[in-house]
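Notes follow the structure.
What you see is a predicted model, and the numbers here were worked out from it, not measured in a lab.
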Amino acid sequence: MPRYDDEVKRIEAKWQAYWDQNQTFRVDVLDRIPDTNCANVPQLPIAVQRNSHRESGIATQNPSFDAHEKMYVLDMFPYPSGAGLHVGHPEGYTATDIVCRFSRMRGKQVLHPMGWDAFGLPAEDYAIKTGTHPAVTTAKNIETFKRQLKSLGFSYDWSREFATTDPEYYRWTQWIFLQLFDTWYDSTYVWTGPDGKSRTGKGRPIAELPIPEEVSQAGSAAVRRYQDQHRLAYQHEAPVNWCPELGTVLANEEIVDGKSERGGHPVERVPLRQWLLRITAYGDRLANELDDLHWPESIKAMQKNWIGRSEGAEVDFYLGGTGLGYEQWKASRASSGFSREPGADELRIYTTRPDTLFGVTYMVLAPEHPAVNRLTTMEHKEAVEAYRQQAATKSDLDRTDLAKGKSGVFTGGYAINPVNGERVPVWIADYVLISYGTGAIMAVPAHDERDLEFAKQFQIEIKPVVAPVGESTGTTEGFFDYGVAINSGAYSGLPTLEFKAKITADLESGGLGRKAVNYRLRDWLFSRQRYWGEPFPIWHELDANGQPTGLLRTDPAESLPVRLPEMADFKPTGTPEPMLSKAPTEWLYATAPDGTRLKRETNTMPQWAGSCWYYLRFADPRNDQHFLNPAIEKQWLPVDLYVGGAEHAVLHLLYSRFWHKVLFDRGHVSTAEPFQRLVNQGMILGEVEFTGYVLGNGTDDPNRQFVSVRDLKAGVDEEGVATRIVEKTGEVAIPVTLSVEQIEKKGDSFILKEHPEIVVDSRAHKMSKSRGNVINPDVVVDQFGADSLRLYEMFMGPLEAVKPWSMKGVEGVARFLGRVWRMIVDEPNESQTQLSSAVQDVPPTPAQLRVLHRTIKAVTRDVESLGFNTAISRMMEFVNEFLAFDVRPKSAIEPFVLLLSPFAPHISEELWELLGHTKSLAYESWPTFDEKYLVETEIEVPIQLNGKLRGKVTVPAGSDQATIEAAAKAEATIAGQLEGKTIVKTVYIPGKMVNFVVK
RNA sequence: GCCGAUGUGGCGGAACUGGCAGACGCGCUGGAUUCAAAAUCCAGUGUCAGCAAUGACGUGUGGGUUCGAGUCCCACCAUCGGCACCA
C-alpha cells in the first residue's frame, strides 16, 4: 500500500513543476510603466496578481483589509559557495516563505525574490589553483544552489533572479559608485526629505561644493583636487590592512582579532593609496536613525557600538617658540577665536573629559603625529626616531593584544596647559592612535586607566582632580567615574557634567577649545586588489612621462558597464599591485578626446559593493534605462521583513544603510532606511555530542584514564592548538566522543555510568567540515522530503534561538505529516490514492468546530508573530484530535489543509487536489475563526488555598462567583482542608481561578 | 573589562497582559498487532515518599514585592555572541 513516505518524491516533484510552469509566484507589477528618471511619477496601483482566484473559498472576514497592501520579504543574499546549501540557509528561507505564502493568502501583493552575491575570493582562489575562470565556477555554483533551493519549494519569483556578477547588474553598481564620487557631505545643510523629516546634513552634488577664493584663484587643477578631497568616494594614502595570504587589503570591519575575518590570515599595516568611502560623514544619521527601526536591540547596540560616537572637546596647548609668549598667544586667541586648523605652535588634543584639564601631568602624541619633529629636542632625537621606526612596523595586533604594558618615549618637548599655564612634558606612545581624534591626547593618569598604567610605568606624577560624590579628597589609585571636581581652581566643587559644559563654553569663548564629536567608525576602505570584483569606472590622467598626475576622470554613465577584461592568468601579483594591472593594454589605457593619456583604475570593488543595493534592484531587475524606476521604488520599498544571520550586523547592514542614505540624499530613493524589520535567525548547531577527556597516549591506549572536565581548563598543546589541559598539572587531555549509553545525568552535569566521579561535556558544536557534523539538506530531502525538512527547521524552536540539530526530530515531524496524510487519504491499492471514507460532506460537530477554530486562531496569531514552532504544535494537536473522529467533515479538513500549506506546501497542494480542487491553493483565502465556536459549555476552575493548587471543580460556563465558590467549598479535598480554618480572604479571577486565604 | 542575549524534565522546547509549570515533539517504559521485524495504534513518563488517595519539593543561585512569581524588583553565578588601548 502506498504510504505518504513512498509518495513524497512524486508529490514534491509534481508541485515544484506545477509552480514553475504556472509561474504561480510571479508578481508582475509595472510591466507597462514607461521608465523615467523623473521623480514625480504618480503612484500606480499594483496590477492584480495573475494567478489570483481569491474569489473562491472561505470569505475574508476582515473588512478593513487592504487587498493591495504590499509586502516585501527578503532573505539575505546568499554567496553561492562550492559547498552548496547548508541547513542554516533553509531556516531563514523557510520562515520568510511561510510569511510570504501566508501573506498571499491574506490578499497581499508579495515581493519575494532571490539572487546571488557572486563576486568574491573563493571562485578566484579556485581559478588560481585550476585555471578555471571564476565566471565558470560561479555559474556552476549558482546552478547547484538554485537546484537545491527549488527542491525545497520556496515561493520565490524566479523571474527576478540576478547575480552581482552580471554586467547588466554591476553596470548599476558602478553607476552608484559614480553617485558617491559625485557627492560631498554638507554637514550643516538643514532640509526636509520626502519622508517629511527634518535633518541636518546632506549629501549634495559636488558641483554645489563652495570653492574657497584662494583655491579657485590657483586654477582649475587646484579646484579639481579640492573637489576630490571632499567627495564621498576619495583616494587616500595611509597605512591599510594588507593581507598577503588573500592578496588584498581589507576594511576594518573585515579584521577580527588582528586577523582576516575570512580565513584568519595575518594582516600587515602597509601604506598604500586606496579608495575610501566617507561613511563617517553619515555616522550620526546611521546611529540615530536606528531608533525607529524594528530590529533586534542587540544589532542596534552593535551598530551603535561600532559607530562609537563620543562627545568631548578639542583643546589647543601652546608649544611656544615663535616669539609670541604664552600670554600673548592666549590674548590673540581670545580675540581671533579657535582656529580652523592648529598652527605650528599649537598642539590640538581631543578629550571626552575636559573637566580633568587641571589633572594633566603629561601629553602623548601618536608616533606618526606630524608635530613630533617640531617637539623633539636634540638629545631625545635618536630615541624618538628608533621608537617611531619600531611603531611603524608593528602590526595592530602587536600594538594591542600581545603588548603587555605600555611603551613610549619622551620627546624632550613641553606644552602649556591653557587652564593653568603649567608646562607639561610631551611623550610619544603607540597607545595613542593617529587615526582617532587629533592623534594627540592630554594624559590624566588620576582619571584614565590607560594614562594611569603609563604614568606608573614611567613614574609620572598622578594628580587627582575628581573625587567621588560625597568625598572631599581624591586618590592616586585611579578614579574613572564621574564625581565632584577638586583642585581645579574656580571650578572646584562642580559635578563632572556641569564642569564639562562650563569649561567647554569657557574654552570656546577664550578661543582655546571647542566642542567636538568623534567616531570609532573609520571611513570604509573600498578597494581590493583581486580580479573577481567590479572594476571602478575611473581613469587616472597621465603626464608626458606616463606618470599619474593625481587628476581623475570618470567613465560617462551611458558607457557603463566597465566590463572586467578577459584574463587567463589568475596568479596573484604577490604584492599590493592589483591583479588588473596585468590586464591587456587596450583595456588599461586610452586617450581622451582632448589628447590626455589615461590609465584605468586597477583596483576592484569589495564583495560588499554588490550586496549594498541588491534589494533595490529586485524591485525592477530588468530595467536597462535606470537602476530602479522611481515609481516602482515607491511601490515596493522599503523591505518589510529581512531575515538573515547576525554575522552581518556591522558589515552588510551598515554599508547598505550608508549607500541607501546617499541615494536618499541624492533623490534616487524615497525612504531613509532600507530594512524596516530585521530578524536574525539563530545558528543551527550539529547534533549534541558527549565528550569525555582522557590522559595517556591517545584514545587507543588501554591504560587511558578519564579525567573529569571539572579538573580541566582551557589551554594549548605543544603545537599551540587550543585544547583542554589539567588545571593542576598542565597535562594535555585528549577528547573522546562518547555514546549516549555511556552517559548518565547527575545533578547539573553528565557523568560516565562506569565512573560516576567523571564529569563529561555535553554540548552541540557549530557545524564544521573538520568536526564532521555538517548536515546536508539534500540528504534530508532525499530521506524525508522537503516538507519534513521545512517543518523540522521551524519546529526546532524559536527562529532567533541557537539550537542543535536532531535527526530524530526530523523523523518526528515526518511522522506528523504521515498522520496528516492518513487523516485525509485512503490507499486502496499500490497505485491509487483517494479521499478517505472518513472525510465526508457533513456538518461538523460543535466539538470539531471548537478544535478547528481554536487551531485557526492559534496558528494565525503564531504566524503573525513568527512563532512557527508553536503554530506547528497547534496543528499537531488538531491532527491528534481529528484522527480520533470516525467522521471528519470536509468543511473542517479543508481549512486545516490551508493552515498547513505555508509550512508544508507540497503535501498541502496534493491534499487540496484530492479534496476536489483544480487550482493551486496558493491564493486561497486564509481561514478565519469565529469566537462563538470557541465557547465551552463547561469550565474547569482550579482552586487554591493560600496560593497553592489544592483541587479543581467543573462548573457550567458562565457560572457566577457565588456558584463557583460554593462548588469549591463542596469539593472533597478542599472541604477537608478547610475544616477548622477561617477563610480570611477570597481571591476570584472570573472564569479562571479561586484562591482562599485561610488561617 | 565593557555591551548584548540566554538559563524551565533525560533532550528540543511551551506557558498571550503575574493566575492549573512542563503544551507539542524526541527519547524511554509497558501493552496491542505480527511467525518475526519495520510501520502503526493504546497507556504511562518532572523529582522524592506512598499500594493508593495524596503529600513534599521543583523554572541558574540568594533575597524581596504579592493572596499568588518561570513571569515583577534587587544582588549574584554560569553559558553564548560582539567589542576591546577609540582618549
Side-chain angles (χ1 to χ4, degrees), chain A residues 3 5 256-257 296-302 304-306 308-310 312 349-353 356 364 396 399-401 403 406 429-433 435-444 448-451 453-454 518-522 646-647 649-650 682-683 688 740 743-745 748 750 762-764 792 795-798 800-813 815-816 818-819 822 858 861-862 865 867 869-877 880 883 940-949 951-952 972-973 976 984-987 989 992-998:
Chain A
R3 302 174 327 105
D5 12 335
V256 177
D257 293 336
E297 285 307 316
S298 59
I299 300 284
K300 289 190 187 179
M302 269 195 238
K304 284 194 175 174
N305 249 325
W306 190 264
R309 183 194 147 98
S310 83
I349 58 95
Y350 171 72
T351 179
T352 55
R353 292 293 300 270
T356 58
V364 186
D396 263 13
R399 281 172 78 152
T400 58
D401 279 6
K406 303 252 179 301
D430 62 10
Y431 82 90
V432 173
L433 309 174
S435 51
Y436 186 81
T438 59
I441 63 155
M442 63 180 211
V444 187
D448 182 281
E449 219 169 340
R450 298 149 300 189
D451 297 344
E453 196 192 333
F454 190 86
N518 265 297
Y519 301 93
R520 209 189 73 102
L521 180 74
R522 302 294 145 79
E647 67 273 18
V650 291
M683 206 195 321
V688 174
V740 202
I743 306 302
E744 203 165 43
K745 177 110 182 191
D748 284 341
F750 285 89
S762 152
R763 54 170 294 202
Y792 176 65
F795 187 61
M796 292 170 86
E800 300 89 341
V802 177
K803 38 207 179 273
W805 185 264
S806 156
M807 265 317 173
K808 285 286 186 192
V810 188
E811 284 178 35
V813 294
R815 263 202 286 274
F816 161 67
R819 285 157 67 79
R822 282 202 313 279
R861 189 195 57 206
D862 288 350
S865 62
N869 53 333
T870 48
I872 295 166
S873 300
R874 299 287 96 90
M875 291 190 281
M876 287 172 168
E877 286 175 343
N880 288 345
L883 273 173
E940 196 185 45
V941 181
I943 313 299
Q944 298 182 342
L945 292 184
N946 291 337
K948 292 198 172 178
L949 182 72
K952 290 172 187 179
T973 333
V984 194
K985 187 178 171 187
T986 304
V987 182
I989 311 294
K992 281 234 171 126
M993 190 214 59
V994 178
N995 183 18
F996 295 115
V997 184
V998 297

How about A:Thr986 and A:Val994: do any of their side-chain heavy atoms sit closer than 4.5 Å?
-> yes
Using a cut-off of 4.0 Å on non-hydrogen atoms, how would the nucleic acid contact of A:Thr352 be classed: base, sugar-phosphate, or nothing?
-> sugar-phosphate
To the nearest Å, how far apart are A:Glu453 CD and B:A87 C1'?
-> 14 Å
Closest-nucleotide ordering on RNA chain B, the 5'-leading residue of A:Ala301 and A:Asp451 = A:Ala301
Select base, sugar-phosphate, or nothing to describe what A:Gly812 touches, counting heavy atoms under 4.0 Å on all strands.
-> sugar-phosphate
Check side-chain hydrogen bond (donor to acceptor under 3.5 Å, both in side chains) between A:Asp5 and all other residues, then give those that pass, not counting sequence neighbours.
-> A:Arg3
Would a 4.5 Å heavy-atom cut-off, applied to side chains only, mark A:Phe996 and A:Gln944 as touching?
-> no
Quick one: side-chain hydrogen bond (donor to acceptor under 3.5 Å, both in side chains) partners of A:Arg522, sequence neighbours excluded?
-> A:Ser435
Proximal nucleotide (of B:C26, B:C3, B:C85) relative to the A:Lys406 side chain | B:C85
Using atom CG of A:Asp448 as one end and atom P of B:C2 as the other, report the distance to the nearest whole Å.
-> 15 Å
With a 4.0 Å cut-off on heavy atoms, is A:Asn880 in touch with a base, just the backbone sugar-phosphate, or nothing at all?
-> sugar-phosphate
What's the CD1-P distance between A:Ile989 and B:C20, to the nearest Å?
-> 10 Å
Would you please name every residue forming a ring pair (Phe, Tyr, Trp, His ring centres under 6.0 Å) with A:Phe454, sequence neighbours left out?
-> A:Tyr362, A:Trp427, A:Tyr431, A:Phe458
Report the secondary structure of RNA chain B in dot-bracket form, marking unpaired bases with a dot and bases paired to a different strand with |, and treating Watson-Crick or G-U pairs with both distances under 3.5 Å as paired.
-> (((((((..(((......[....)))((((((.......))))))((((....))))..(((((..]....))))))))))))....
Spacing of the P atoms in B:C11 and B:A69 (rounded, Å) | 26 Å
Taking CZ from A:Phe816 and P from B:C26, how many angstroms apart are they, rounded to a whole number?
-> 11 Å
Is any side-chain heavy atom of A:Asn869 less than 4.5 Å from a side-chain heavy atom of A:Asp862?
-> no
Side-chain contact test, heavy atoms from C-beta onward, threshold under 4.5 Å: evaluate it for A:Leu521 versus A:Arg309 and give yes or no.
-> no
Heavy atoms under 4.0 Å, any strand shown: does A:Ser873 hit a base, just sugar-phosphate, or nothing?
-> base
Between A:Glu449 and A:Met683, whichever has its closest RNA chain B nucleotide further toward 5' is A:Glu449
Please report, rounded to the nearest Å, how far the C1' atom of B:A84 is from the CG atom of A:Asp430.
-> 16 Å
For A:Arg763, salt bridge (Lys or Arg N to Asp or Glu O under 4.0 Å) partners two or more places apart = none
Polar side-chain contact A:Lys952-B:C20 base: donor and acceptor under 3.5 Å | yes
Under 4.0 Å between any heavy atoms, over every strand shown, what does A:Ser435 touch: base, sugar-phosphate, or nothing? Just pick one.
-> nothing
Taking only residues two or more places apart in sequence or in another chain, which ones pass salt bridge (Lys or Arg N to Asp or Glu O under 4.0 Å) with A:Lys808?
-> none
State whether the number of non-hydrogen atoms from other residues, nucleotides or ligands found under 6.0 Å of A:Glu449 atom CD is greater than 12.
-> no
What does A:Met876 touch in the nucleic acid at a heavy-atom separation under 4.0 angstrom: a base, only the sugar-phosphate, or nothing?
-> sugar-phosphate
Rounded to whole Å, CD1 of A:Ile299 lies from P of B:C83 at a distance of 11 Å
Partner residues of A:Lys992 under the salt bridge (Lys or Arg N to Asp or Glu O under 4.0 Å) criterion, sequence neighbours left out = none
Length of the line joining A:Lys300:NZ and B:A5:P, which is rounded to integer Å | 12 Å
Looking at residues at least two apart in the chain, or sitting in another chain, which of them share a salt bridge (Lys or Arg N to Asp or Glu O under 4.0 Å) with A:Arg815?
-> none
Step-by-step side-chain contact (heavy atoms from CB on, under 4.5 Å) determination, A:Trp805 to A:Tyr792 | CA-CA 9 Å; A:Trp805 185 264; A:Tyr792 176 65; 3.7 Å; yes
Any protein N or O atoms within reach of nucleotides 8-16 of chain B? Criterion: under 3.5 Å, listing atom names and distances.
residue, atom, partner, partner atom, Å
B:C11, OP1, A:Lys745, NZ, 3.0
B:G12, O2', A:Met796, O, 2.6
B:A14, OP1, A:Asn869, ND2, 3.1

Could you tell me whether B:G7 is syn or anti, where syn means a glycosidic angle within 90 degrees of zero?
-> anti
Which of the following nucleotides, B:A23, B:G68, B:C20, is nearest to the side chain of A:Glu940?
-> B:C20
Could you run down the sub-3.5 Å N/O contacts of the protein with nucleotides 53-56 of chain B?
residue, atom, partner, partner atom, Å
B:G55, OP1, A:Gln977, NE2, 3.1
B:A56, OP2, A:Arg950, NH2, 3.2

Listed pairs, N/O of protein and of nucleotides 39-42 of chain B, under 3.5 Å:
residue, atom, partner, partner atom, Å
B:A39, O2', A:Arg3, NH1, 3.3
B:U40, O3', A:Arg822, NH2, 3.1
B:C41, OP1, A:Arg819, NH1, 2.5
B:C41, OP1, A:Arg822, NH2, 3.1

For A:Gln944, which contact category applies under a 4.0 Å heavy-atom criterion: base, sugar-phosphate, or nothing?
-> base
For A:Glu297 and B:U6, what is the distance between atoms CD and P respectively, to the nearest whole Å?
-> 12 Å
N/O donor-acceptor pair under 3.5 Å between A:Lys304 side chain and A:Ile299 backbone = no
Contact check, side chains of A:Met442 and A:Val364, non-hydrogen atoms, under 4.5 Å | no
Applying ring pair (Phe, Tyr, Trp, His ring centres under 6.0 Å) to A:Phe816 and not counting sequence neighbours gives none
